[in-house]
Student: 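Below: one structure in structure tokens.
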Amino acid sequence: EMCIRDRYQRRVRGLCTLLVLQTLMFRFTTPALKKLQPLGERVLVKRTQAAKQTKAGILIPEQVAGKVNEGTVVSVAVASKDWTPSVKQGDTVLLPDFGGNAIKIEGEEFFLYNEDALLGVLSE
């Protein structure tokens, strides 16, 4: 008969093995995510970070800074016979307050939006 301690040790060993396998799988699949190609009519966007200090050097707390509703297009889905993208990689776009699917790639946060959810293209 196995004592409780032996069962616990087996379970911990199994969980550690699972964790190591997941970590190895993540390491091998992460480079593939770097070249994420959106499907359908989607656009991959990196949201612009809010300013952390003013031009005069005054620090702005995160609660006050809020989130910026603009971002840079990282990747666009391939055009189809029914749809032609109106944005291209590198465009600065105006984003809605809510929506989009958050994706983390190597610690960086990106968002997938349907192109029709984007509010506009910002130009300088």
Side-chain angles (χ1 to χ4, degrees):
E1 216 178 281
M2 249 199 269
C3 71
I4 295 173
R5 184 175 55 121
D6 289 339
R7 272 194 249 159
Y8 177 75
Q9 286 176 345
R10 278 189 175 180
R11 187 168 187 185
V12 168
R13 265 188 254 130
L15 290 174
C16 288
T17 304
L18 181 63
L19 182 62
V20 167
L21 287 173
Q22 287 176 341
T23 304
L24 289 173
M25 280 182 16
F26 180 73
R27 284 186 187 159
F28 290 118
T29 57
T30 300
L33 289 175
K34 279 185 160 181
K35 297 176 184 177
L36 178 65
Q37 178 67 45
L39 299 175
E41 299 177 3
R42 292 186 184 87
V43 178
L44 184 66
V45 177
K46 181 168 183 177
R47 192 179 282 269
T48 304
Q49 297 296 318
K52 295 187 179 181
Q53 69 181 37
T54 63
K55 291 179 182 177
I58 300 171
L59 296 175
I60 302 172
E62 286 182 26
Q63 297 87 1
V64 177
K67 65 179 181 181
V68 178
N69 286 350
E70 65 182 62
T72 305
V73 175
V74 176
S75 183
V76 181
V78 177
S80 67
K81 59 184 170 186
D82 299 328
W83 174 75
T84 304
S86 56
V87 294
K88 61 186 181 307
Q89 185 176 356
D91 281 350
T92 303
V93 292
L94 189 61
L95 304 171
D97 286 332
F98 301 100
N101 297 340
I103 300 171
K104 279 202 172 188
I105 303 173
E106 291 187 358
E108 289 188 78
E109 191 169 39
F110 297 91
F111 292 87
L112 265 176
Y113 288 96
N114 281 335
E115 189 192 38
D116 60 354
L118 300 177
L119 303 176
V121 179
L122 299 172
S123 57
E124 293 183 22

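The first residue of the sequence shown is numbered 1, and numbering continues consecutively from there.
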Student: Under 4.5 Å between side-chain heavy atoms, counting indirect links through other Ile/Leu/Val/Met/Phe/Trp/Tyr residues: same cluster for Leu36 and Val43 or not?
Tutor: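 No, because Leu36 and Val43 fall into different hydrophobic clusters, even though each may have its own neighbours under 4.5 Å.
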Student: Compare every heavy atom of Lys46 with every heavy atom of Glu109, then report the nearest pair and how far apart it is.
Tutor: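 For Glu109 versus Lys46, the nearest heavy atoms are O-CG, 4.2 Å.
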Student: Do Val121 and Leu118 land in one hydrophobic cluster if side-chain heavy atoms of ILVMFWY residues count as linked below 4.5 Å?
Tutor: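 In one cluster with Val121: Leu118, yes.
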Student: Just jot down the side chain to side chain donor-acceptor pair (under 3.5 Å) partners of Asp116, sequence neighbours excluded, or say none.
Tutor: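 If we apply the side chain to side chain donor-acceptor pair (under 3.5 Å) test to Asp116, skipping adjacent residues, there are no hits.
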Student: When you measure from the side chain of Thr48 to the backbone N and O of Glu70, does any donor-acceptor pair fall under 3.5 Å?
Tutor: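 The answer is yes, because a donor-acceptor pair under 3.5 Å joins these two groups.
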Student: Could you pull out the closest heavy-atom pair between Leu122 and Leu94, with the gap in Å?
Tutor: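 For Leu122 and Leu94, the tightest heavy-atom pair comes out as CG-N, 4.4 Å.
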Student: If you look at every heavy atom in Ser75 and Pro38, which pair is closest and at what distance?
Tutor: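 The answer is OG-CD, 3.2 Å.
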Student: Between CZ of Arg47 and CG of Asn69, what distance do you get to the nearest 0.5 Å?
Tutor: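 The distance works out to 6.0 Å.
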Student: Who are the salt bridge (Lys or Arg N to Asp or Glu O under 4.0 Å) partners of Lys88, not counting sequence neighbours?
Tutor: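 So Lys88 forms a salt bridge (Lys or Arg N to Asp or Glu O under 4.0 Å) with Asp91.
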Student: Look at the side-chain heavy atoms of Ile, Leu, Val, Met, Phe, Trp and Tyr, link any pair under 4.5 Å apart, and say whether Trp83 and Tyr113 land in one connected group.
Tutor: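 Yes.
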Student: Same hydrophobic cluster for Phe110 and Val45, using side-chain heavy-atom links shorter than 4.5 Å among ILVMFWY?
Tutor: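 Cluster IDs for Phe110 and Val45 differ.
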Student: Against Glu115, only a single residue in Val87, Thr84, Val76, Val73 fulfils side-chain contact (heavy atoms from CB on, under 4.5 Å); can you say which?
Tutor: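 With Glu115 as partner, side-chain contact (heavy atoms from CB on, under 4.5 Å) holds for just one option, Val87.
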Student: Find out if a path of hydrophobic residues (ILVMFWY) with successive side-chain heavy-atom gaps under 4.5 Å connects Phe111 to Val74.
Tutor: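 Unlinked, Phe111 and Val74 end up in two clusters.
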